[in-house]
S.K.: 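Structure incoming, see below.
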Amino acid sequence: MTLYNVPSKHYFRLHHPRPRFKNDIENVLIYFASEIAAIGRKRIRDFVLDFDFAIKKYPGNLTKTQKTINNWRTEIDALFSFIEREGDYLKPSKRAIELATNQDLVKFFKLFCYHFQYPGGFLKPHVNLEYLRNGINFRPCSYILELLTEAEAQEGVRVGISKSEATHCIFNDLRVTRDGRTPKATWRLIRKNRQMDLEYDWRGDVIRYAGDILDYMVQANLLVSRPNHKYYINQTESIAIRRFLNPTNDLFDYYNEIADVATLTLSEVKELDAEWVSYFNTPRDEGFFDTDILALVADTTSQYQELKSLIDLDRIIAEGGLSSTGSIGSIGESLILNHEKKRLVQEGRPDLEHLVKLIPTQYAIGYDINSREINETHRNIEVKTTSSTTPLAFTRFHLTPNEWSAADSNKERYFVYRLMVTKGSIKLCVIQDPVGNYKNGNLSAIPRNGMDIIFDPNKCGIEETLLI
DNA sequence: CCTACCCGTGTG
DNA sequence: CACACGGGTAGG
């Protein structure tokens, strides 16, 4: 057995903060984004105190030392840029607010993968300086997608790569990260190594950095991992992948901002790192990376087509006046519209089916769908959709001021349909009269531009099967 | 000194 | 043997 190593003159290990929550990443990210959004803009000291308190409240953190809490606070933020600094103040970043409000983790990870690069502001300035002096200039997610696309075209079959191949043939090789070796040439190397039966150092601490990026790409639904521990292009996400292959021209380039790398100082790098946070929060059109719920639920292209024809979103959209086909919110609404019609038929009132209507958003009456009970009284439904590749506790959602006051005035006629879309499954939880439940202490609500709701499924909310 | 990514090493 | 705690350590 022979080990493949990057020739030492080309070796440069790429690094980023190690997340301390990989097993629980979706829950931690939703929790962090929600808590940070709830804290709002505060003086640094107060912000940190509030944030520390929130981190300690996270399950399992009560007994952790202050040192560990500090590490959670700074490392997660360094990697995901959840907090922006404004003089003596800290405030939630755009991405944090988006995630807290929309709870679209798949879209969040697509945006993360799209903007992530080396060098980057997640590194300590002196480490980043080292990267700059070495001329590192590397966007891992675009590169991996290009490589797999190229390899599939060449081989004529589905192609996957492993964490160790990504580490030793891509991430840690300056010929890729500095010199921009073509994906085609890199694939030639990987294939040659396979033919020669070369092994790689695959110890956890060696391959974990490239491995993290591959895992984040799975969270973004760009790649799928198979039981052979290799990562493949997700065929149902071709539109999003095309964006990675043809990126916009507004991505952050340290080298554009630097006159001369040789005389670059630490404090100059620090200034650039501050710009990194705002770059990482670049505003993007709502439809830039819309999560295609059906692409998330489907495992294969044929399954995707089947679902698409079954649900016939286009017809629902045409009839119901949905503004866009894109956001998970609108797709969630059309799924529930379909669900309500089927429910009335099942419960013996097919004559009421035609009364189930989507309410165009411009009316802003505080709910999405007008439906009926079998006794013909109104059922006003607000749909709250979360998407994630793996299941997570979905007991949090956000109600706007409008929605909260509609819930307050409609009382038991107001329903929140909590929809959790994960890879391969859809879960639905129905919460009746959220304001009433709040007053009874069955559900907690914290004001933030409306209300951040946390419900306990044992106290309120009934799990139902989504009718398709 | 303190802060904040860095990362050795214990654990399950 | 992968993961994450909490000490390490460089810079402020």
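Note that the coordinates shown come from a computational prediction; the quantities given were computed from them, not determined experimentally. Side chains included, hydrogens not; waters and symmetry mates left out as well; all remaining heavy atoms used. Residue numbers begin at 1 in each chain, while the letters A, B, ... track the order of the sequences.
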S.K.: Are side-chain N/O atoms of A:S164 and A:T167 paired as donor and acceptor at under 3.5 Å?
M.R.: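 On atom types as modelled, these side chains do not qualify, holding no pair under 3.5 Å.
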S.K.: Starting from the first five and the last five pairs of the helix from B:dC1-C:dG12 to B:dG12-C:dC1, work out the angle between the resulting helix axes, to 10 degrees.
M.R.: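 About 10° separates the two local helix axes.
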S.K.: Between A:L14 (CG) and B:dC7 (P), how many Å, whole number?
M.R.: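 Rounding to the nearest Å, CG of A:L14 and P of B:dC7 are 13 Å apart.
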S.K.: With the threshold set at 4.0 Å, does a side-chain nitrogen-carboxylate oxygen contact exist between A:D197 and A:R194?
M.R.: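 Result for this pair is no, no salt bridge flagged.
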S.K.: Pick one: which of A:Y58, A:F108, A:F80, A:F51 meets ring pair (Phe, Tyr, Trp, His ring centres under 6.0 Å) with A:F32?
M.R.: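 Only match with A:F32 under ring pair (Phe, Tyr, Trp, His ring centres under 6.0 Å): A:F51.
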S.K.: Could you tell me whether the side chain of A:T186 reaches within less than 4.5 Å of the side chain of A:V176, counting heavy atoms only?
M.R.: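 Touching, per the 4.5 Å side-chain cut-off.
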S.K.: What distance separates A:I36 CD1 from A:R73 CZ, expressed to the nearest 0.5 Å?
M.R.: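 Result: 10.5 Å between the selected atoms.
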S.K.: Taking the six-membered ring for Trp, is the centroid-to-centroid distance between A:Y438 and A:W404 below 6.0 Å?
M.R.: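 When the ring centroids of A:Y438 and A:W404 are compared, they turn out to be within the sub-6.0 Å range.
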S.K.: Quick one: is A:H15 getting a side-chain N or O under 4.0 Å of the B:dC5 phosphate, OP1 or OP2?
M.R.: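 Looking at the OP1 and OP2 atoms of B:dC5, neither is under 4.0 Å from any side-chain N or O of A:H15.
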S.K.: Is A:R175 salt-bridged to A:D179, cutoff N-O under 4.0 Å?
M.R.: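 Looking at A:R175 and A:D179, the cut-off is not met.
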S.K.: Would you mind writing out the side-chain donor-acceptor pairs for residues 87-97 of chain A within the sub-3.5 Å range, not counting sequence neighbours?
M.R.:
unit_1, atom_1, unit_2, atom_2, d
A:K91, NZ, A:E86, OE2, 2.9
A:S93, OG, A:S81, O, 2.9
A:S93, OG, A:F82, O, 3.3
A:S93, OG, A:A96, N, 3.3
A:S93, OG, A:N281, OD1, 3.1
A:R95, NE, A:E98, OE1, 2.9
A:R95, NH1, A:F280, O, 3.3
A:R95, NH1, A:T282, O, 3.2
A:R95, NH2, A:T282, O, 2.8

S.K.: Do the rings of A:F288 and A:Y114 sit parallel, tilted or perpendicular, given the 30° and 60° boundaries?
M.R.: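 Aromatic pair A:F288/A:Y114 classed perpendicular.
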S.K.: For a 4.0 angstrom threshold against heavy atoms of chain A, report the outermost contacting nucleotides of DNA chain C in 5' to 3' order.
M.R.: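 From 5' to 3', the first and last contacting nucleotides are C:dA2 to C:dG12.
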S.K.: Does any part of the side chain of A:N128, heavy atoms only, come nearer than 4.5 Å to the side chain of A:H126, both counted from C-beta?
M.R.: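 No, side chains not in contact.
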S.K.: Could you identify which residues of residues 42-65 of chain A place a heavy atom less than 4.0 Å from some atom of DNA chain C, listed by residue number, or say none?
M.R.: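 Close to the strand are A:K64, A:T65.
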S.K.: When the nearest nucleotide of DNA chain B is assigned to A:R13 and to A:K124 on a heavy-atom basis, which residue is associated with the more 5' position?
M.R.: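 Here A:K124 is the residue nearer the 5' end.
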S.K.: If you assign each of A:H126 and A:R20 to its closest nucleotide in DNA chain C, which residue comes earlier from the 5' end?
M.R.: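 Whichever sits nearer the 5' end wins; that is A:R20.
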S.K.: Provide a list of protein-nucleic acid N or O atom pairs under 3.5 angstrom, restricted to nucleotides 8-12 of chain B.
M.R.:
unit_1, atom_1, unit_2, atom_2, d
B:dG8, O6, A:R18, NH2, 2.4
B:dT9, O4, A:D205, OD2, 3.3

S.K.: Do the rings of A:F138 and A:F171 sit parallel, tilted or perpendicular, given the 30° and 60° boundaries?
M.R.: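 Perpendicular.
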S.K.: Calculate, to the nearest 0.5 Å, the distance between atoms SG and CZ belonging to A:C169 and A:R188 respectively.
M.R.: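 Here the rounded value is 13.0 Å.
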S.K.: Tell me: NZ of A:K270 to C1' of B:dT3, nearest whole Å?
M.R.: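 The distance from NZ of A:K270 to C1' of B:dT3 comes to 10 Å, rounded to the nearest Å.
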S.K.: With A:H16 as reference, evaluate A:Y131, A:Y209, A:F112 under the ring pair (Phe, Tyr, Trp, His ring centres under 6.0 Å) test and give the passing residue.
M.R.: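 Running ring pair (Phe, Tyr, Trp, His ring centres under 6.0 Å) over A:Y131, A:Y209, A:F112 with A:H16 returns exactly one hit, A:Y209.
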S.K.: Which word best sums up how the rings of A:W276 and A:F252 line up, parallel for under 30°, tilted for 30 to 60°, or perpendicular for over 60°?
M.R.: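 Rings of A:W276 and A:F252: perpendicular, over 60°.
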S.K.: Short of 4.0 Å, heavy atom to strand atom, which residues of residues 67-79 of chain A count as contacting DNA chain C?
M.R.: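 Within residues 67-79 of chain A, the residues near DNA chain C are A:K67, A:T68, A:N71, A:W72.
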S.K.: With ring pair (Phe, Tyr, Trp, His ring centres under 6.0 Å) as the criterion, how do A:F122 and A:F116 come out once you've worked through the C-alpha distance, each side chain's angles and the decisive distance to 0.1 Å?
M.R.: CA-CA 10 Å; A:F122 47 85; A:F116 189 81; 4.7 Å; yes
